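Notes for the one structure printed next.
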Amino acid sequence: MKNNHYPFDLEPLPYTYDALEPHIDLETLHFHHDKHLKTYVDNLNHALSTLPEFQSMTLEEILTNLDQVPEAARTAVKNNAGGVYNHQMYFASMKSAPSEPKGPVLSAIEERFGSYDEWKDIMKSKALAQFGSGYAWLVSSQDGHLEVINLPNQDTPLALGLIPLLPLDVWEHAYYLKYQNLRGTYVDNWFSIIDWDAVNRRYEESQ
Ligand SMILES: [Fe+2]
């Protein structure tokens, strides 16, 4: 993004709206990016407009210092800063199919979970286990230990002291236009559009 602090910008998608077809359709990406993410950006800027002490902070700094936000504004800041951060990472974690897992993070996945396929099973089960809206995440602990977790709403691994490596948005707005209630089919197809170069960059920075 042009600004890494208030006022935040709506960062453009790093690919065209049809780039993820047929796995994620053009119409879903338009709604997801142009409407849903834009609303989070606008609401975050509105919430921060009366909080000058947070206006020079990055999203990461805001999300790791939520306890310093005045209580009356904390929920709005948490949800909307999380909404911007999570969506930017989600959109920046996908590319046109086909995508093959590779690199140091694949080796770490195989070491931690047994195999890439076993990791996929765990990631999918966490995505399906998230009741209502939220995300499944591949994360690293501060000491480099990989985990798969699910978090509700726009909660972030950052707030738990974890390093986010790969988010999977399972809010209905991410898949309902194309897949309706079939979250599992959306998840199965999402695996073939993961941008493993992006995941490897985050993994190497986390080590
Ligand atoms: Fe979303």
Side-chain angles (χ1 to χ4, degrees), residues 1 4 8-48 58-60 62-63 66 75-97 99 123-139 148-160 162-195 198-199 202:
M1 63 172 60
N4 66 355
F8 290 98
D9 302 308
L10 178 64
E11 193 172 284
L13 283 180
Y15 33 72
T16 58
Y17 286 89
D18 61 356
L20 307 181
E21 295 267 11
H23 307 297
I24 295 179
D25 59 294
L26 173 149
E27 189 180 22
T28 295
L29 270 188
H30 267 296
F31 274 103
H32 202 171
H33 176 271
D34 305 353
K35 305 293 185 188
H36 290 280
L37 175 53
K38 183 176 190 305
T39 299
Y40 287 114
V41 172
D42 291 347
N43 288 345
L44 176 61
N45 286 333
H46 179 71
L48 293 175
T58 65
L59 283 171
E60 289 85 349
I62 292 168
L63 288 163
L66 288 168
T75 299
V77 171
K78 174 188 172 190
N79 288 343
N80 291 297
V84 176
Y85 181 84
N86 293 344
H87 279 108
Q88 285 180 346
M89 188 176 289
Y90 169 73
F91 289 130
S93 299
M94 298 185 288
K95 62 182 276 290
S96 298
S99 156
M123 194 78 180
K124 183 177 179 180
S125 70
K126 291 290 186 184
L128 296 178
Q130 176 55 46
F131 180 75
S133 298
Y135 292 73
W137 290 91
L138 174 67
V139 299
V148 174
I149 61 172
N150 56 300
L151 293 174
N153 303 315
Q154 297 296 352
D155 289 7
T156 69
L158 291 174
L160 302 174
L162 298 167
I163 302 163
L165 301 178
L166 176 62
L168 168 54
D169 189 341
V170 293
W171 284 59
E172 284 188 343
H173 66 229
Y175 61 89
Y176 205 87
L177 283 178
K178 179 177 176 68
Y179 294 98
Q180 290 78 52
N181 60 320
L182 302 178
R183 183 187 287 186
T185 309
Y186 155 68
V187 172
D188 289 339
N189 289 338
W190 170 81
F191 286 111
S192 61
I193 51 171
I194 296 170
D195 183 347
V199 185
R202 291 180 204 129

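When a ligand or atom number is given, it counts from 1 through the structure's own listing order. Computed from a prediction, not measured in an experiment: that's the story for all the values here.
Distances from the Fe ion (ligand 1) to each N, O or S atom of His87 single out NE2 as the nearest. Atom OD2 is the N/O/S atom of Asp169 found closest to the Fe ion (ligand 1).
Remark: aromatic rings of His33 and Phe91 are close, center separation under 6.0 Å. Proximity of the aromatic rings of His87 and His32 is defined here by a centroid distance below 6.0 angstrom, and this criterion is met.
If you check the side chains of Tyr17 and Asp34, you find a donor sitting under 3.5 Å from an acceptor. Judged purely by distance below 3.5 Å, without hydrogens or angles, the side chains of Asp25 and Thr28 pair a donor atom with an acceptor atom.
Put simply, His173 gets within reach of the Fe ion (ligand 1), with an N, O or S atom under 2.8 Å from it.
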